[in-house]
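The structure appears right after this line, and notes come after that.
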Amino acid sequence: MAIHRKPGWALSEALATPEDVFLNRRAILKAWGLGALVVATSPLSGTAHAEAERKPAGNPALYPAKRNEAYKLDRSLTPEEINSKYNNFYEFGGDKDIWTEAQTLITNPWDIEIDGMVDEPFTIAFADLETKIPLEERLYRHRCVEAWSMTVPWTGFSLAKLVELAKPTASAKYIRFETFNDPSMASGQNGFLYTWPYVEGVTMAEAANDLAFIVTGAYGKPLLNQFGAPIRLALPWKYGFKSVKSIRKITFTDERPVSFWEGLASNEYGFWANVNPEVAHPRWSQAQERVLHTGETVPTLLFNGYGEQVASMYKELESEPLYR
Ligand SMILES: Nc1nc2c(c(=O)[nH]1)N[C@H]1C(S)=C(S)[C@@H](COP(=O)(O)O)O[C@H]1N2
Ligand SMILES: [Mo]
């Protein structure tokens with residue numbers, strides 16, 4: 001999603017950064033024996049933040065959580081080694097290899113603010129939230145709008161449980177999620193290209209759907225920084241950009257949130273962003289996807305294969321641009 005801001009919001013060339021460029025870059029570093037150097041000179045080894053602050057927020061004792069067998073996959077899992085080094089997390093840059101940069105994210109302590117149309121706004125420490133609602137593991141597909149996909153064992157709890165805790169009023173129609181905004185710990189937030197913080201939103205009906213999942217862990221451990229520690233969303237029937245990372249604030253509202261990518265290019269990234277192979281992105285086809293860990297090209301499925309669980313939510317909305 002390499003959007004380069006231009007005057008008048010014109011968008012440049014290809015959105016998807018060609019993966020081979022990144023693979024080549026890593027291969028070259030490796031060949032020169034510089035792989036370790038890159039890590040050693042990353043901000044992780046700097047002195048900006050005390051060691052204690054870098055302790056992950058997640059409590060390892062809570063993982064791995066019991067797998068919920070209702071959520072199965074028709075393909076193999078993406079190995080953690082691949083997934084954890086191929087990420088979209090623009091707060092740390094627009095490349096896929098931001099996992100080193102993401103180590104400057106401080107997730108401990110981490111407070112989550114819940115406000116807007118709720119009985120009473122409150123702030124909850126992530127550490128408390130993590131123990132308040134029982135965790136489970138689910139195997140989910142993930143389809144990025146850039147036409148690559150993966151399969152992930154996420155740990156967390158259904159978004160519906162969080163809604164229950166928040167006690168929204170009857171007037172709430174949407175939930176707006178906001179990521180942190182702190183250029184001192186996220187190199188990518190220093191620039192002027194993007195409008196931080198990253199924002200995403202869902203309807204109350206979507207939030208109530210069983211599939212909508214709050215993620216606190218992956219691969220049987222607390223979330224790694226690059227996955228959006230300590231807490232993110234997973235909405236597997238929608239394009240990946242809807243699955244907002246490192247959530248700081250959850251607001252119940254009657255106004256439809258304008259999300260980060262929608263604000264940058266509403267003709268390319270809409271509010272609904274439901275996966276559909278037949279609705280092309282303005283700059284490329286969505287008919288197929290490249291499976292991250294096998295390199296195979298496979299057909300993309302309507303609602304990313306989750307139509308049975310989610311299609312009914314969109315029956316009355318035929319005039320809306322549901323698939324972009
Ligand atoms: N805060 C934030 N959340 C984000 C993004 C981002 O840049 N910032 N990228 C999105 C996109 S485009 C995708 S595909 C997924 C990637 O998740 P992963 O890196 O864990 O695979 O995160 C989504 N959530
Ligand atoms: Mo994505």
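Since this is a predicted model, take the numbers as computed values, not measurements. Counting convention: from 1, in listed order, for ligands and their atoms alike. Worth knowing before you read on, the calculation uses all heavy atoms, side chains too, and leaves out hydrogens, waters and symmetry mates.
- Annotation for ligand 1: atoms under 4.0 Å from non-hydrogen atoms of Glu91 are 1 (N), 2 (C), 6 (C), 7 (O), 8 (N).
- Taking the ring centroids of Phe180 and Trp196, they lie at or beyond the 6.0 Å cut-off.
- Not one N or O of Trp261 is nearer than 3.5 Å to an N or O of ligand 1, by distance alone.
- Both the sub-6.0 Å distance and the 45° axial angle are not jointly satisfied by Lys221 relative to the ring of Tyr63.
- Here atom 20 (O) of ligand 1 lies nearest to Arg232 when heavy atoms of Arg232, Lys96, Arg143 are compared.
- Taking the six-membered ring wherever Trp is involved, the centroid distance between the rings of Tyr198 and Tyr90 does not fall below 6.0 Å.
- Counting only distance, with no hydrogens or angles, the side chain of Asn209 and the backbone of Gln309 share a donor-acceptor pair below 3.5 Å.
- Looking at His142 next to ligand 1, no N or O pair under 3.5 Å apart turns up.
- Near Phe227, the atoms of ligand 1 lying under 4.0 angstrom from a non-hydrogen atom of the residue are 20 (O).
- Note on ligand 1: Ser243 sits in its first shell, one or more heavy atoms being nearer than 4.0 Å.
- Residue contact check: Asn87 has heavy atoms under 4.0 Å from atoms 18 (P), 19 (O), 20 (O) of ligand 1.
- The atoms of ligand 1 that sit less than 4.0 Å from any heavy atom of Phe241 are 10 (C), 11 (C), 12 (S).
- Taking distance alone, with nitrogen or oxygen atoms compared against 3.5 Å, Tyr86 stays at or beyond that limit from ligand 1.
- Partner of Arg141 under the side-chain contact (heavy atoms from CB on, under 4.5 Å) criterion, chosen from Val291, Thr78, Asp74: Asp74.
- Counting the atoms of ligand 1 from 1 in the order shown, those under 4.0 Å from a heavy atom of Met150 are 21 (O).
- Residues meeting the ring-ring contact (aromatic ring centres under 6.0 Å, His included) test with Phe213, sequence neighbours left out: Tyr140.
- Counting only distance, with no hydrogens or angles, the side chain of Glu130 and the backbone of Asn59 share a donor-acceptor pair below 3.5 Å.
- Close contacts between ligand 1 and Cys144 involve ligand atoms 14 (S) [criterion: under 4.0 Å to a heavy atom].
- A donor-acceptor pair shorter than 3.5 Å cannot be found between the side chains of Asn87 and Lys96.
- Near Phe89, with a cut-off below 4.0 Å to any heavy atom, the atoms of ligand 1 are 1 (N), 6 (C), 7 (O), 8 (N).
- Results of the side-chain contact (heavy atoms from CB on, under 4.5 Å) test with Glu200 over Glu178, Arg176, Lys242 single out Lys242 as the only residue that passes.
- In terms of polar-atom proximity, Asn88 is counted as a contact of ligand 1, with an N or O under 3.5 Å from an N or O of the ligand.
- Ligand 1 does not have Glu200 within reach: every non-hydrogen atom of the residue lies 4.0 Å or more from it.
- Contact annotation for Tyr198 and ligand 1: only side-chain heavy atoms (C-beta onward) come within less than 4.0 Å of the ligand.
- Here the CG atom belonging to Leu162 is positioned 5.0 Å from the CD1 atom belonging to Ile114, to the nearest 0.5 angstrom.
- Ligand 1 does not have Lys242 within reach: every non-hydrogen atom of the residue lies 4.0 Å or more from it.
- Of all the heavy atoms of Thr179, the ones lying under 4.0 Å from any atom of ligand 1 belong exclusively to the side chain.
- Considering only residues two or more places apart in sequence or on other chains, Phe271 meets the ring-ring contact (aromatic ring centres under 6.0 Å, His included) condition with Tyr174.
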